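To start, the structure under review is shown below, and the notes come after it.
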Amino acid sequence: MSELLVLRNHIDGEYTDAADGRRLEVTDPVTGEVYATSPRSGAADVDAAMAAAAAAFPAWRDATPSTRQKLLLKIADAVETRAAEIADAECRNTGKPRALTLTEEIAPIVDQIRFFAGAARLLEGRSAGEYMEGLTSIIRREPIGVCAQVAPWNYPLMMGVWKFAPALAAGNTVVLKPSDTTPASTVLLAGIIGDILEEMGLPAGIFNVVCGDRETGRLMVEHPTPAMAAITGSVRAGMQVAASAAKDIKRVHLELGGKAPAVVFEDADVAAAVEGISLAGFFNAGQDCTAATRVLVHESVHDAFVNALAKAAAAIRTGGGIDDEDVLYGPLNNAGQLAQVTGFIDRLPAHATVETGGHRVGDKGFFYAPTVVSGLEQDDEIIQNEVFGPVITVQSFRDETEAVAYANGVEYALASSVWTKDHARAMRMSKALDFGCVWINTHMILAAEMPHGGYKKSGYGKDLSAYGFEDYTRVKHVMTAL
C-alpha cells in the first residue's frame, strides 16, 4: 500500500495540523480506498483561523480596489499556469474525468476569478445627492468583515471559488472549509494563494483554509468573529447554518439543493432535447443541484422521448479510467452517496419502470449506471426529493397548466428549463416557473456575469455576477449638513 498523502490546514500563511492531532481519512471514490488524511479541526483551530482573518481584515478592508484586483488576477494566473496539477488534485478528490475537469471546471474557475477581479474595481454606492434641503447624502459600499465559508464535495474547487472570490474582491477576509471528503484541491490552492499574499506583502490571514467535518463547520458558523456565513450544501446543512447564525444575527448566504424540472413540449426538437437533457442530467454523475434529473414531457411525445432518452443513457459511459475521454462521468463521491442513490431505486413504487440502468457498476469504487425511470407520479419520493445521482425521472403532462403545476410542485426552486419552439410559450413558462433560473432549449449553462441562486428550500443569496458580489458588501448612508 502506498504512503498516505498528509493534508494540512493553512492558517495565517502556515500549514498546520489540528491542535489536538485528530485526523480524518479521505477516500478515493474510484477505488473506495483511503488515499489521504486531513485534519479534523476543532475549536482551537477555528479560533486560530478566525483570529488570523480578523487581524488581516483592517488592512484588506482599506486596500485599494486595484490591489484587490491584482491579488485575484494573480490567483487566476496561478490556477491557469498550474492547471494540470490542480486538476490532478481535483480528480483525486472526486474521481471525475480529467479532460472534462480541465475544460469544464478549471477553465471556468479561471474566468470566474478574473470576473471578480474586475468587479473589485466597481465597489461603489450611488452618487451623492440632496434629498433634504441643506443636506447631502452619500452611499458607501463596504466589506462585511470576516466570512466563514463552507464548500461542498460535488465541485470542491469551483464552489470554493464562488465563495472566496467575491468575498476577497469586496475586501472581506475568509476562513474556508472544504468538505471532509474532498479537501485536497482546496489545501493545494491555499498554499498557492499564501505564496501570492507573501509576494505582494499582504497579510497572510486574508485567506485561510480549515479542514474538518460537520462539527468543524458548526464551530465556524457559531464563532463570534465572522460577520457572515456562506454555504453550498444540502437543505439540512443550510437549515442548521441558518439556525446557528441566528444566535448572533450573522448574515447568511445559502446555496442549497435542487430538483430541476426540464419541461418538454410537443413541438420541441426531441433529438436536441434528449441530447441536452441527458448531458445535463448525467454530467458529474448527476451530483449537481441544477442537474436536469426531473423531466416533464407532453403526453403526445412522451413514449418517443422516453425511448430516445433511455437509448441515449445506455450509451453513456462511466467507470474506471478517469483519463478516458469517452467517459462522461466518474463515481459518486462517497459510500454514503452510493447508498442514497441505491436506496431511491430500491424503494421505487410498483407503478415505476426502470427503463435503463438502476444498478451499481463494478465491484470497487462508487460507480452507478446512468438510469432512466418512467411511470412516476407527482407525489412519489423520487420526484419530491433530491437524488443527487445519475438518475433521470420522466413524467407525463397534458397541458401547459399541468406542466407548471408539476414543475413548481416541489420544495426546491433553483433551476429549470423549457424545451419548445413557441417563443410566446417559452416566455409564459419563464414567468410561471418558480425557479431562480430558467433555461430555454438548453440546460445547466452558467456565465460568470449571470447570477446563480434559488428560492424556497434551495436557499437565498446569489453566486457569480454583480449580484453575488453585492452579497458580500454592506450599505452605509452618510449624511452631511451643508
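Just so you know, these numbers come straight off a predicted model, no measurement behind them. If you read the sequence from its start, that first residue is 1, and numbering goes on from there.
The closest donor-acceptor contact from the side chain of N172 to the backbone of C147 lies at 3.5 Å or more, if one exists at all. Between the N408 side chain and the A432 main chain, a donor and an acceptor come within less than 3.5 Å of each other. Side-chain N or O atoms of T393 include none that pairs as donor or acceptor with a backbone N or O of I382 at under 3.5 Å. A donor-acceptor pair under 3.5 Å is absent between the side-chain atoms of S185 and the main chain of E90, judged by distance alone. Listed for the K163 side chain is no donor-acceptor partner under 3.5 Å among the backbone atoms of V150. Counting only distance, with no hydrogens or angles, the side chain of R23 and the backbone of L7 share a donor-acceptor pair below 3.5 Å. No side-chain donor-acceptor contact under 3.5 Å links Y472 to the backbone of A169. Using a distance-only test at 3.5 Å, with no hydrogens or angles considered, a donor-acceptor pair links the side chain of W60 to the main chain of L168.
Using a 3.5 Å distance cut-off with no hydrogens or angles, the side chains of Q395 and Q378 do pair a donor with an acceptor. If you check the side chains of E222 and S244, you find a donor sitting under 3.5 Å from an acceptor. Counting only N and O atoms by type, the side chains of T290 and D288 include a donor and acceptor under 3.5 Å apart.
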Original post:
Do H298 and F265 pass the ring-ring contact (aromatic ring centres under 6.0 Å, His included) test, and can you show the C-alpha distance, the side-chain angles, and the key distance before you say yes or no?
Top reply: CA-CA 5 Å; H298 190 270; F265 284 94; 7.3 Å; no
**OP:** Begin from the C-alpha positions of V404 and V263 and carry the test side-chain contact (heavy atoms from CB on, under 4.5 Å) through to its verdict.
**Re:** CA-CA 9 Å; V404 171; V263 184; over 6 Å; no
**OP:** Evaluate the criterion side-chain contact (heavy atoms from CB on, under 4.5 Å) for residue pair L414 and E255; output intermediate values, then yes/no.
**Re:** CA-CA 9 Å; L414 182 58; E255 199 275 280; 3.5 Å; yes
Subject >> side-chain hydrogen bond (donor to acceptor under 3.5 Å, both in side chains) assessment of S41 paired with N9 >> reply: CA-CA 8 Å; S41 300; N9 294 332; 2.8 Å; yes
**OP:** Carefully, step by step, assess D17 and R8 under the rule salt bridge (Lys or Arg N to Asp or Glu O under 4.0 Å).
**Re:** CA-CA 5 Å; D17 294 315; R8 307 175 79 192; 3.3 Å; yes
**OP:** List the steps, then state whether side-chain contact (heavy atoms from CB on, under 4.5 Å) holds for R218 with R214.
**Re:** CA-CA 6 Å; R218 184 189 65 79; R214 188 175 298 167; 5.9 Å; no
**OP:** Take T101 and I106, measure what side-chain contact (heavy atoms from CB on, under 4.5 Å) needs, and give me the verdict at the end.
**Re:** CA-CA 6 Å; T101 300; I106 304 300; 4.3 Å; yes
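The minimum heavy-atom distance between G171 and F57, with the atom names listed, is O-CE1, 3.3 Å. Listed here is the closest heavy atom pair of P166 and V161: CD-O, 3.7 Å. The two atoms that bring L332 and P29 nearest to each other are O-CB, 3.5 Å, heavy atoms only. Minimum heavy-atom separation, G160 to L176: CA-CD2, 4.3 Å. Shown here for G42 and R22, the closest heavy-atom pair between the two residues is CA-NH2, 3.9 Å. Contact record, A447 with L464: O-CD1, 3.9 Å, taken as the closest heavy-atom pair.
Scored by the side-chain contact (heavy atoms from CB on, under 4.5 Å) test, K259 finds R294, V387, V410, Y412 as partners (sequence neighbours excluded). E14 is linked by a salt bridge (charged side-chain N to carboxylate O under 4.0 Å, His left out) to nothing, counting only residues two or more places apart in sequence or in another chain. Applying the side-chain contact (heavy atoms from CB on, under 4.5 Å) test to T225 and every residue at least two apart in sequence or in another chain returns M50, A54, V146, H223. N154 pairs by the side chain to side chain donor-acceptor pair (under 3.5 Å) definition with nothing, not counting sequence neighbours. Residues that satisfy the side-chain contact (heavy atoms from CB on, under 4.5 Å) test with T181, not counting sequence neighbours, are W153, S179, N333, N334. With sequence neighbours excluded, the residues forming a side-chain contact (heavy atoms from CB on, under 4.5 Å) with D88 are R98, listed by chain and number.
To the nearest 0.5 angstrom, T94 atom OG1 is 8.5 Å from Q287 atom CD. In this structure, the separation between OG1 on T232 and CD on Q149 is 9.0 Å, given to the nearest 0.5 Å. Atoms OG1 and CD1, on T420 and I440 in that order, are 9.0 Å from each other to the nearest 0.5 Å. Between the CZ atom of F116 and the CD atom of Q69 there is a distance of 13.5 Å, given to the nearest 0.5 Å. Note: D47 CG to M220 CE = 12.0 Å, rounded to the nearest 0.5 Å. For the atom pair CG of D471 and NE2 of H253, the computed distance is 4.5 Å after rounding to the nearest 0.5 Å.
For residues 432-446, the side chain to side chain donor-acceptor pair (under 3.5 Å) pairs, not counting sequence neighbours, are S417-H443. Contacts classified as side chain to side chain donor-acceptor pair (under 3.5 Å) and involving residues 136-147 (residues at least two apart or in different chains) are given here: E130-T136, S137-H477, R140-E142, R141-T473, E142-R474, E142-K476. Residue pairs meeting the side chain to side chain donor-acceptor pair (under 3.5 Å) criterion with at least one partner in residues 452-465, sequence neighbours excluded, are E411-K457. The salt bridge (Lys or Arg N to Asp or Glu O under 4.0 Å) analysis of residues 99-122, with sequence neighbours excluded, yields the pairs D77-R114, E80-R114, K96-E105. Screening residues 177-189 for salt bridge (Lys or Arg N to Asp or Glu O under 4.0 Å), with sequence neighbours left out, gives no hits.
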Kindly list each side-chain donor-acceptor pair under 3.5 angstrom involving residues 188-213, sequence neighbours excluded, with atom names and distances?
from, atom 1, to, atom 2, distance (Å)
E199, OE2, K74, NZ, 2.8
N208, OD1, D12, N, 2.8
N208, ND2, V174, O, 3.1
N208, ND2, G205, O, 2.8
D213, OD1, E215, N, 3.2
D213, OD1, T216, N, 3.2
D213, OD1, T216, OG1, 3.2
D213, OD2, R40, NE, 2.7
D213, OD2, R40, NH2, 3.2

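Counting non-hydrogen atoms of other residues, nucleotides and ligands closer than 6.0 Å to OH of Y15 gives a total above 12. Within 6.0 Å of atom CE in M132, 12 or fewer heavy atoms from other residues, nucleotides or ligands are found, so the atom counts as exposed in its surroundings. Atom CE of M427 has more than 12 heavy atoms from other residues, nucleotides or ligands within 6.0 Å. Residue-environment remark: CD (E381) exceeds the threshold of 12 foreign heavy atoms within 6.0 Å.
Residues V341 and V391 have side chains in contact (heavy-atom distance under 4.5 Å, counting atoms from C-beta outward). Looking at heavy atoms from C-beta onward, L123 lies in side-chain contact with R68 at the 4.5 angstrom threshold.
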